[in-house]
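Here the structure is laid out as structure tokens; the discussion comes afterwards.
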Amino acid sequence: MTTNKKVLDFIRETQELCQPDNIVWVDGSEEQLEAFRKQAVEENILIKLNQEKLPGCYLHRTTINDVARVEGRTFICSKKKEDSAPINNWMETSEALDMLNGLFKGVMKGRTMYVIPYSMGAVGSKFSKIGIELTDSIYVVLNMAIMTRVGKNVLDALGDGDFIKGLHSYAELSEEKRYICHFPEENLIMSINSNYGGNVLLGKKCFALRIASFLGKNEGWMAEHMLILGIENPKGEVKYVAAAFPSACGKTNLAMLIPPQIYKEKGYKCWCVGDDIAWIRVGEDGRLWAVNPENGFFGVAPGTNMKSNPNALLSTMKNTIFTNVVEDLDNGTVWWEGLDNNPPKNAINWKGEKWDYTKYDKKDKSTCGAHPNSRFTAPTVNCPCLSSEFEAPNGVPLSAIIFGGRRAKTAPLVYESKDWNNGVFVGSIMASETTAAATGAVGVVRRDPMAMRPFIGYNMGDYFNHWIEMGKKVKNQPKIFNVNWFRTDDEGNFMWPGFGDNLRVLDWILDRCEGKVDAKETAIGYVPNVEDINIAGLEDVSKETIEELLSIDKESWLEEVKGIKEFYDSIGERVPAELYNQLQALKEKLEK
Ligand code: GTP
Ligand code: SPV
Ligand code: MN
């Protein structure tokens, strides 16, 4: 399918190493994909769902030990340790290659190796980048065909150009030998012994964030863990924002937001450009422009329903692969906690066991039918609110950048930074409670700068510096904000309704960008005046609640300052002095 020597060499070298029985090129045609689906069903890799209710939809169950990203086994390999460590796991390039070459040796014997040429971004667009993933997993092939643009036309666009090499084998699915390794200096990704999402769909976190963030640092652009959303006002003007929230903290939900009734009536509309990854460049007009390099949504299933996120649910009604959700045997459909109040009576849980919904206890995750990190892989074209600018080659111009985490206390509903560098500081001090999107403890507050902690392909101090440097190139800087939808009261209930009602906060944010509304200056930044958050039509939210949501507790912020200092110190000497200055200034203001 190509005469590109570098592609052919990569395939030949991998063939010698992994020794597959045969090689199949993924050409992207519907005929071939349909044949793969058929084969996957025959091999019990996919379960075909009810084709009347869910046309083109399939279910997959992973092995029980392989349900999320494995941050502890994810490495950024480089020649020098300080170019990756200490926040990233590091291995020296040649040591890592030796170790991996040992693991990959003969690993595809008796299997087929699929060649997936894929494009991150519209095929042939000047900001798009191309990868080749070699894998023995048909599940990976079918997911990549939804999440990215795959096929022959990608090779045509590549010509004899360069690409990112990706090698994946599910091998024995051994947890002990699982490695997700990145070699930014070699444009290479190697992933072995997993068959789950972010570990193996190499275009996503591995390429579009870890490798791309490294490319971006060198080439003067940014790869970020951000949704991109367009907000259309009653005059028909669309303003775009990009928002970085950690995994399972609300990007997909905000990206597909449906305006609350009172906004809908006025004529507000929201348009989804992306829900997970943004590649951001400085445009000729001196603004920041963002594109979504993906072509599908790999979204969290639990909690998705017709009230919380109808657009996501509607996106999954056709041509979707569900992973680790409940199978409804009577209807040939799927279910997950939070979909509706009718769990299927005759059902199989994510582990493949008969599941008794009457034993389901909200507080005990082990009784869940769907895994808390179960997901849907759905094509972007299915999304009812997909932006007309989704494929725009230059992307969309950003009016605001929003950071946000999951914080029961401390972080207010929203605040605005003072300027770009202060905004970089605000992003760098983000902290959030951990979720099921990665293996390990859930609900522990950890520092997750810019929601990128697991996804920066180089030294974190250098990453902060890159943000500061980018600011210098942006003549028309977007304003930078921080939000927190997850503040709780003393009983542990969320105080803010969230979901569609988050538009009320975006409304304030956009008004600030246009200089239409005042704000209160505090030690951490500008906070809305209580009456400027529109609560019309909200039943359970009083002015007092908003006041509480916007309050800033000096004592906990002073604690925060200590934690930030420790965190910066743990990153090491590459943290820009500017950020230490910002921290010192915050401390002084809090102490005043
Ligand atoms: P990744 O795909 O892992 O990067 O995550 P994401 O940021 O796209 O997360 P997603 O939008 O799927 O959110 C997942 C979880 O956040 C679900 O449990 C949602 O119910 C919850 N969530 C999202 N938005 C809100 C909100 O506004 N308020 C509250 N309370 N929960 C929310
Ligand atoms: C995340 O964990 O942030 C995801 C899912 O978006 S995964 O692709 O598995 O990384
Ligand atoms: Mn994500």
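Below, each value reflects all heavy atoms present in this structure, side chains not excepted, and no hydrogens, waters or symmetry copies. Order of listing sets the numbers, starting from 1, for every ligand and every atom in it.
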With a cut-off of 4.0 Å, which atoms of ligand 2 are near a heavy atom of H225?
-> 3 (O)

Which single N/O/S atom of H225 lies at minimum distance from the Mn ion (ligand 3)?
-> NE2

Would you mind telling me if ligand 1 is within reach of the side chain of S308, the backbone, both or neither, using heavy atoms under 4.0 Å?
-> neither

Distance flag, aromatic centroids of W335 and W355, threshold under 6.0 Å | yes

Look at the aromatic rings of H225 and F455 and report parallel, tilted or perpendicular, splitting at 30° and 60°.
-> perpendicular

Counting from 1 in the order shown, the ligand 2 atoms closer than 4.0 Å to a non-hydrogen atom of D276 are 6 (O)

Within 6.0 Å of NZ in K362, more than 12 heavy atoms from elsewhere = no

Looking only at heavy atoms, is any part of F494 under 4.0 Å from ligand 1, and if so is it the side chain, the backbone, or both, or is it neither?
-> side chain

Which segment of E337 sits under 4.0 Å of ligand 1 when only heavy atoms are counted | neither

Counting N and O atoms only, with roles assigned by atom type, does the side chain of E133 sit under 3.5 Å from a partner on the main chain of L202, one being a donor and the other an acceptor?
-> yes

Run the contact test for R375 against ligand 2 with a 4.0 Å cut-off on heavy atoms, strictly below, and give the result.
-> yes

Which protein non-hydrogen atom lies closest to atom 1 (C) of ligand 2, naming both residue and atom, and how far is it?
-> K205 NZ, 2.9 Å

Which of the atoms of ligand 1 are close to S247, meaning less than 4.0 Å from one of its heavy atoms?
-> 1 (P), 3 (O), 4 (O), 5 (O)

With atoms numbered from 1 as shown, which atoms in ligand 2 lie under 4.0 angstrom from a non-hydrogen atom of A437?
-> 2 (O)

Nearest heavy atom to atom 3 (O) of ligand 1 wins, so pick from R375, R487, K251.
-> R375

According to the interplanar angle, ranging from 0 to 90°, do the rings of F75 and Y179 count as parallel (below 30°), tilted (30 to 60°) or perpendicular (above 60°)?
-> tilted

Closest to the Mn ion (ligand 3), among the N/O/S atoms of D276, is atom OD1

For H225, atoms of ligand 1 separated by under 4.0 Å from a heavy atom = 4 (O)

Side chain, backbone, both or neither: W496 near ligand 1, heavy atoms under 4.0 Å = neither

K409 atom NZ, neighbour heavy-atom count above 12 within 6.0 Å = yes

Measure from atom 12 (O) of ligand 1 to every heavy atom in L254, V300, V505 and give the option owning the shortest one.
-> V300

Is T74 reaching over with its side chain to a backbone N or O of V70, donor-acceptor style, under 3.5 angstrom?
-> yes

Checking heavy atoms under 4.0 Å, the part of T435 that sits near ligand 1 is neither

Return yes when atom CG of D540 has more than 12 non-hydrogen atoms of other residues, nucleotides or ligands closer than 6.0 Å, and no otherwise.
-> no

Do any of the N, O or S atoms of I277 sit under 2.8 Å from the Mn ion (ligand 3)?
-> no

Within less than 4.0 angstrom of ligand 1, does G338 place any heavy atom?
-> no

Tell me, which protein residue and heavy-atom name are nearest atom 27 (O) of ligand 1, and how many Å apart are they?
-> F499 N, 2.8 Å

Just heavy atoms, cut-off under 4.0 Å: does R406 contact ligand 1 by side chain, backbone, both, or neither?
-> side chain

Hey, is C249 touching ligand 1 through its side chain, its backbone, both or neither, going by heavy atoms under 4.0 Å?
-> backbone

Side chain, backbone, both or neither: which part of N199 comes within less than 4.0 Å of ligand 2 when only heavy atoms are counted?
-> neither

Closest heavy-atom approach to atom 7 (S) of ligand 2 among A436, G198, S247 is made by G198

May I ask you to identify the nearest protein heavy atom to atom 13 (O) of ligand 1, giving residue, atom name and distance to one decimal place in Å?
-> G250 N, 3.2 Å

of all protein heavy atoms, closest to atom 2 (O) of ligand 2 is R69 NE, 2.9 Å

